Amino acid sequence: MLVESHLLQDLGEDRYRFHDLVRLHARQQAAGYEHDEALRRAGDWYLATTTRAEQLITPAQFTLERADEHWPDLEPPFDDETGALAWLDRHRTNLMAVLRAAAERRWSTLTWQLVDAMWPLFLRLRFYDLWIEAHELGLAAARHAGHAEAERQMLNSGAIGLSAAGRVDEAITWYAASREAARAAGDHRDEGQALLGLGVAHFRSGRLTEAVPPVEQAIALWEGAGYPRGTGLARIVLGEIALAAGELPPAVFHLEQAYAILTAVDDPHEAARALAFLGRARARSGERAAGIRQLRSALRTFERLGAPHWQARTLEMLGRCAEDAGDTDAARDHYLRALPLTATVSADDERRVTALLDALPRP
């Protein structure tokens with residue numbers, strides 16, 4: 001009715017905007033009323049909707065409570081994982097605006113809960129600047145609220161973003177703080193997450209020998225705590241380390257275990273990561289056809305889930321397999337498919353794939 005009355009503009013995809021004069025009128029009216037009350041209602045709606053997206057996309061991450069007593073009783077504007085991720089992508093600017101406004105007003109619980117709910121956006125789409133800024137705000141809010149479990153979550157999730165963005169020393173500091181806090185709380189799951197993160201940070205820095213012990217400690221903790229998904233994630237890292245060291249039989253062993261565990265706990269995204277690395281390890285071990293099949297299967301999963309970072313990584317691995325076999329035309333095709341995906345995610349990945357392309361003989 002508002003669109004037909006020319007009071008709203010229909011932008012498509014369930015998005016609307018007031019016309020300029022209506023916005024001016026609304027702004028003038030709001031000056032005499034409770035601006036913060038309206039902002040809080042918007043924040044509650046974004047938190048409710050983003051939490052529903054998180055429950056669809058990364059249910060294993062949904063471990064902390066939500067202050068849902070003020071949530072509006074509205075159906076979310078999506079009904080599946082793909083739609084939820086697309087919604088997060090479309091609304092990431094608004095989500096960050098609400099997050100900054102909540103942090104400025106010291107709405108600490110809303111702030112850290114919104115950061116936690118936005119995890120699928122960061123994990124799948126890899127906006128590192130937003131990932132890090134959000135977790136800096138979330139960490140300060142969790143500490144202000146005195147919520148120790150949320151503080152550990154912010155430290156671990158934020159450190160993953162710092163490490164992925166190449167800020168490894170900062171990531172190690174965050175992981176170390178999380179580990180000490182988890183030990184003090186007797187939380188083996190969080191302590192294992194911090195240990196795994198420390199292992200990954202050392203691995204990203206090229207310190208392969210230092211990377212293995214904390215990952216093995218994480219596995220031991222999680223096996224004792226009955227957290228199989230964690231052990232599967234840790235075995236991916238052990239497989240990556242072995243693959244980087246050229247130790248192919250151990251790489252295949254760890255990655256096969258990781259794929260089996262993550263498939264059993266119904267985590268298709270992480271299972272596909274294990275499968276991609278397993279395919280690369282198999283291809284390098286002489287089982288090229290089997291490895292290519294596994295890489296292509298992983299790629300289909302990442303395409304279905306809308307994960308451009310891992311689509312690019314898998315295409316890069318397929319390109320390297322083609323190069324190993326002397327098929328430079330196929331390698332070029334894979335790198336060319338990967339390149340535009342890396343451009344949306346990581347400058348480092350874009351430079352690496354560009355270098356691989358440049359190193360190929362000219363057609």
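For clarity, every value in this text was computed on a predicted model and none was experimentally measured.
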Side chain to side chain donor-acceptor pair (under 3.5 Å) partner of D190, the single match among Q153, R152, R179: R152
Ring centroid separation F302 to H269 under 6.0 Å: yes
Around atom [atom1] of [X], are there more than 12 heavy atoms of other residues, nucleotides or ligands at under 6.0 Å?
X: F18; atom1: CZ; value: no
X: R106; atom1: CZ; value: no
X: L11; atom1: CG; value: yes

With W174 via ring pair (Phe, Tyr, Trp, His ring centres under 6.0 Å) - residues at least two apart: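 Testing W174 for ring pair (Phe, Tyr, Trp, His ring centres under 6.0 Å), a comparison that skips the adjacent residues, returns none.
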Partners meeting ring pair (Phe, Tyr, Trp, His ring centres under 6.0 Å) with W222 (sequence neighbours left out): Y227
Among R293, R300, Q294, the one residue meeting side chain to side chain contact (heavy atoms under 4.5 Å, CB included) with R296: R300
Verdict with reasoning, W131 to W119, per ring pair (Phe, Tyr, Trp, His ring centres under 6.0 Å): CA-CA 8 Å; W131 185 337; W119 175 249; 5.5 Å; yes
Linked, directly or transitively: I241 and L262 (ILVMFWY side chains, under 4.5 Å):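 Same cluster: I241 reaches L262 through Ile, Leu, Val, Met, Phe, Trp or Tyr contacts under 4.5 Å.
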Pairs where residues 161-177 contributes a residue and the test salt bridge (Lys or Arg N to Asp or Glu O under 4.0 Å) is met, not counting sequence neighbours: R167-E170
Geometric class of the H91/W87 ring pair [parallel <30°, tilted 30-60°, perpendicular >60°]: parallel
Under-4.0 Å salt bridge between E303 and R337: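 Yes.
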Distance (rounded to the nearest 0.5 Å) between D349 CG and L341 CG: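 Reported value, rounded in 0.5 Å steps: 10.5 Å.
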